[in-house]
Amino acid sequence: MAAPKKGRSASAQSKPVRSLVLILIAIVGLTAGMFASGHTTPRLGIDLAGGTSITLKAKSDQGSAINKANMDTAVDIMNRRVNGLGVSEAEVQTQGSDNIIVNIPKGTNSEKAREQVGTTAKLYFRPVLAQEATGSAAASPSASPSGSSSASPSPSASASGTGEKATSSSSPSASATSQGRAVTDALKADSTPSASASAKASASASPSASASSGAAVSAEDAALQAKYAALDCSKESVRAKAGEGVKPEDTTVACGEIDKVWYKYVLGPAAVDGTDVDKAQAVYDTQTAAGWQVTMDFTKSGGKKFAAITAKLAQNTQPQNEFGIVLDGNVVSSPYVSSSITGGQAQISGSFTQEEAQGLANMLSYGALPLSFQEQSVTTVTAALGGDQLHAGLLAGAIGLLLVVIYLVAYYRGLAMIALASLLVSAALTYVLMALLGPAIGFALNLPAVCGAIVAIGITADSFIVYFERVRDEIREGRTLRPAVERAWPRARRTILVSDFVSFLAAAVLFIVTVGKVQGFAFTLGLTTVLDVVVVFFFTKPLMTLIARRKFFASGHKWSGLDPKSLGAQPPLRRTRRPGGPAAGPVETKEA
């Protein structure tokens with residue numbers, strides 16, 4: 001019987017060491033990852049580190065009234081757009097009756113976020129009638145919006161058969177090519193329309209192309225033709241007014257950028273509305289080496305519309321077999337089709353970077369705003385006030401921690417060393433994780449988040465106190481330290497888990513139902529609550545098991561915090577002998 005006892009004892013003795021080694025490895029690994037990422041400090045929110053503030057003014061040029069309902073809807077969509085780039089702690093809120101303020105913290109991709117909130121017009125899928133390079137990239141405009149017009153691109157520029165963005169040659173006469181293509185089972189990679197073919201706009205190319213070859217154009221067509229000929233998309237001021245005031249049922253001109261070259265388009269009436277897109281997401285295609293793509297799921301009615309327009313476009317030649325995805329008057333993509341796309345799903349592939357694909361998917365997912373907005377101002381917010389607030393918050397945290405330490409030392413004496421070591425481990429894990437979550441998910445540490453971290457000090461200390469008091473209760477009942485540590489753990493563990501679960505549940509509910517800075521408080525509170533469980537299980541309990549073997553604590557030294565006499569312990573457990581018989585079992589004087 002002795003050998004099994006020794007085996008079990010050796011196994012039990014090795015467990016606390018393994019737990020301490022595991023948490024040490026975790027801290028070292030996370031710290032190494034933090035330094036490897038180059039982000040050694042947590043990213044601060046706009047109230048602590050400054051950032052960008054954008055003011056947008058609503059306009060009622062889309063037929064919608066400027067009222068509270070439409071403004072609240074716009075705020076919700078903008079908030080989802082910006083935070084679709086990551087947990088950026090951006091703030092989107094109304095100011096007055098027709099203004100929206102967007103605050104973007106420093107460290108966030110403010111330019112990308114600015115594009116997301118500034119892109120406020122309707123989203124449409126329009127058939128392409130003509131396209132060509134503009135500005136210095138084109139020798140002269142060669143495409144006409146009329147039904148008999150043709151585009152004459154350079155033979156050296158062609159659409160990529162793999163669906164990538166085609167690049168123009170160095171020839172100044174290089175013309176437009178496809179910016180990507182819709183990829184489904186119905187599309188064939190080898191269906192590569194020649195970019196040098198004549199681009200004749202016919203009735204089959206677009207529902208609006210009604211002029212036949214050689215026929216006289218109407219005054220409206222002549223005006224559109226003149227506007228297209230004069231359009232220079234290389235100028236930002238021209239691009240901003242290209243599609244101004246255009247209705248969905250109108251034929252219009254627009255601009256789009258391909259490989260840093262601006263192209264101008266003639267687009268037919270909108271065939272599919274952005275509201276017909278149910279959801280979109282960026283995915284990486286590893287099977288066909290197509291790179292980053294954007295997948296789209298249409299609504300039931302949207303799928304029917306999309307199938308109808310792609311069936312018509314598939315009968316045409318380049319570029320009349322393309323459809324332009326137009327957002328805020330700009331062509332963000334112009335994929336081509338070779339046959340009808342059914343099933344309510346489609347993919348847009350091209351030479352997209354991950355950021356471009358995610359940005360396009362974000363705009364497709366959250367789509368149109370009920371109002372259009374004009375950018376009034378873009379200002380940089382200083383962090384002078386935030387710096388003072390941060391110092392005040394850190395000072396409050398330091399004072400709170402000092403008071404906790406004084407209480408632990410005065411009441412628990414030697415046990416306070418275990419509590420302090422556990423607090424240091426918890427603080428190290430919290431800091432490293434916050435530093436890593438900044439670049440990973442865009443987490444920004446704001447002032448409420450600092451408050452959440454301060455509150456966590458009390459939650460963490462509470463877990464230690466629960467365990468220490470359970471151990472002291474066992475000593476009061478007459479047990480020695482080593483069995484007291486093990487017997488106290490199951491009951492203390494149950495209490496700690498219930499308490500931390502309640503705290504985490506409160507943090508989760510708060511994070512879900514609130515927005516803005518309050519979410520920072522809830523996120524930090526939830527994170528530190530989870531870390532409290534990890535530290536108590538993998539550090540505090542194993543450390544208690546180890547110190548119970550030390551004479552200073554095991555003998556109940558008066559400065560250990562575990563002195564049986566000062567705790568009012570009962571007489572130790574003793575064995576009694578039956579008259580004339582062997583030793584009886586232990587008798588616990590104060591237990592039933």
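As the structure is a prediction and not an experimental result, all values here were calculated from the model. Values below: all heavy atoms of this structure, side chains included; hydrogens, waters and symmetry mates excluded.
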### Message
Please give me the minimum heavy-atom distance between A58 and M71, naming the atom from each residue.
### Response
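Of all heavy-atom pairs spanning A58 and M71, the closest is CB-SD, 3.9 Å.
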
Is there a side-chain contact between [X] and [Y], using heavy atoms and a 4.5 Å cut-off?
X    : Y    : value
L423 : L401 : yes
I27  : V432 : no
V75  : Q93  : no
L481 : V471 : yes
Y431 : P42  : yes
T94  : K68  : no
L531 : L433 : yes

### Task
Please test D276 against D273 for side chain to side chain contact (heavy atoms under 4.5 Å, CB included), starting from the C-alpha separation and ending with a verdict.
CA-CA 5 Å; D276 292 320; D273 193 285; 3.7 Å; yes

Return the [atom1] to [atom2] distance between [X] and [Y], rounded to the nearest 0.5 Å.
X    : Y    : atom1 : atom2 : result
T55  : F373 : OG1   : CZ    : 12.0 Å
D98  : L56  : CG    : CG    : 11.0 Å
L543 : F538 : CG    : CZ    : 15.0 Å
Q376 : I101 : CD    : CD1   : 9.5 Å
D532 : F537 : CG    : CZ    : 10.0 Å
W292 : D285 : CH2   : CG    : 11.0 Å

Inspect the surroundings of [atom1] in [X] and state if more than 12 heavy atoms from other residues, nucleotides or ligands are less than 6.0 Å away.
X    : atom1 : value
F298 : CZ    : yes
F521 : CZ    : yes
F501 : CZ    : no

Can you tell me if [X] uses its side chain to pair, donor with acceptor, with the backbone of [Y] under 3.5 Å?
X    : Y    : answer
T460 : A456 : yes
S37  : M34  : yes
Y407 : Y412 : no
T299 : D278 : no
R43  : P439 : no

### Query
side chain to side chain contact (heavy atoms under 4.5 Å, CB included) between I418 and F468: does it pass, once the steps are laid out?
CA-CA 10 Å; I418 300 175; F468 293 163; 4.3 Å; yes

#### Entry: E474 bridged to R491 by N-O distance under 4.0 Å
yes

### Query
Do S422 and T540 have side-chain N/O donor and acceptor atoms under 3.5 Å apart?
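Side-chain D/A pair, S422 to T540: present.
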
### Task
Apply the test side chain to side chain contact (heavy atoms under 4.5 Å, CB included) to residues I66 and N70: give CA-CA distance (whole Å), side-chain angles for both, the deciding distance (0.1 Å), then the verdict.
CA-CA 6 Å; I66 301 177; N70 285 334; over 6 Å; no

### Query
Which of parallel (below 30°), tilted (30 to 60°) and perpendicular (above 60°) describes F523 and F511?
tilted

### Message
Name the residue from R470, R479, K541, R493 that meets the salt bridge (Lys or Arg N to Asp or Glu O under 4.0 Å) definition with E486.
### Response
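For E486, the salt bridge (Lys or Arg N to Asp or Glu O under 4.0 Å) check succeeds only for K541.
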
